[in-house]
Each structure stands twice: as C-alpha cells, then as structure tokens.
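First the structure, in the form of structure tokens, and then the observations on it.
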Amino acid sequence: MALSRAEYERLAHDAACWRRYWQPDVVTLRQEGEAWRELRRFREISSAISAAIDWSAVAAAPSHAELARRRAEPVTPRRCGARDCRMVLSVPWPAPGHDVFCPRHETNRAVAA
C-alpha cells in the first residue's frame with residue numbers, strides 16, 4: 001500500500017497527538033478539567049435548588065438560639081381546661097390564672113369543665 005507524503009505526515013501528526021494525549025501530565029490536566037466541570041455543574045444544581053426553596057418559610061422557623069432560650073424558660077404542667085380532655089400542656093411559668101386549652105379544644109372553649 002502506497003501513501004502520499006501529505007497523508008503520511010497527517011498520520012504521523014495524528015500519532016504524535018495521541019502520544020501527547022496520553023502523557024501523564026496531560027492526563028492530569030484532563031482530570032483536573034473534568035473535576036472543574038463537575039464542580040461547576042454541582043454549583044449550578046445547588047443554585048437551582050436554593051432558588052426553588054421558599055426561604056421565607058425557612059426563615060420563619062425558630063433559630064437554635066431561640067429554641068435554647070425557650071428551653072431555658074421554666075414551664076408549668078397544666079391540664080387542658082376541657083371537660084373530657086386528659087392532655088397535659090406545658091405553659092410558661094408563672095402559669096396563667098385562666099384555663100389553658102390544648103390545640104384540639106382551643107377554638108371550642110364551650111367544653112370547659
């Protein structure tokens with residue numbers, strides 16, 4: 001099989017490129033490039049997820065400091081003021097002088113004992 005000089009030079013150039021492509025330093029550069037592309041993709045996904053979250057609902061949740069402050073306040077156990085309810089509620093100390101109702105009876109206080 002006979003090759004022209006131009007075709008031989010193209011094949012030789014192609015072989016040289018492949019040899020350079022698999023040299024250790026070039027392999028390392030390709031791996032670093034893949035890692036950067038993966039990080040960029042993760043950043044884009046994370047940004048999309050963050051944009052989809054309703055942060056006003058997250059911001060309405062109490063912070064750790066607020067929860068610690070609430071736990072630090074002493075509470076008094078009080079039974080629900082409804083006649084047949086056995087639920088015990090934790091109310092801030094000092095306990096209020098009026099009846100305390102659980103969430104089930106909060107709207108219907110006619111069931112008071």
So, taking the atom named [atom1] in [X] and the one named [atom2] in [Y], what distance separates them when rounded to the nearest 0.5 Å?
{"X": "Leu3", "Y": "Arg10", "atom1": "CG", "atom2": "CZ", "answer": "10.0 Å"}
{"X": "Glu32", "Y": "Arg37", "atom1": "CD", "atom2": "CZ", "answer": "11.5 Å"}
{"X": "His13", "Y": "Leu11", "atom1": "NE2", "atom2": "CG", "answer": "11.0 Å"}

So, does Ser47 use its side chain to make a donor-acceptor pair with the main chain of Arg43 at under 3.5 Å?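 Flag set: sc Ser47 to bb Arg43 pair under 3.5 Å.
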Flag, side chain of Arg30 to backbone of Tyr21, donor-acceptor distance under 3.5 Å: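 Answer holds: yes.
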Any side-chain heavy atom of Glu44 sitting closer than 4.5 Å to one from Arg40?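 A side-chain contact under 4.5 Å exists here.
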Close side-chain approach of Ile45 to Ile49, heavy-atom, < 4.5 Å: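 They are in side-chain contact.
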Taking transitive links into account, so neighbours of neighbours count too, which hydrophobic residues share a cluster with Leu67 at under 4.5 Å side-chain distance?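 For Leu67, no cluster forms, as it stays isolated from other hydrophobic side chains.
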Test salt bridge (Lys or Arg N to Asp or Glu O under 4.0 Å) on Glu38 and Arg41 and set out the steps. CA-CA 5 Å; Glu38 188 174 339; Arg41 197 182 102 234; 5.6 Å; no
Check the pair Gln23, Arg19 against side chain to side chain contact (heavy atoms under 4.5 Å, CB included), reporting the backbone distance first and the verdict last. CA-CA 7 Å; Gln23 286 180 349; Arg19 280 193 296 275; 5.7 Å; no
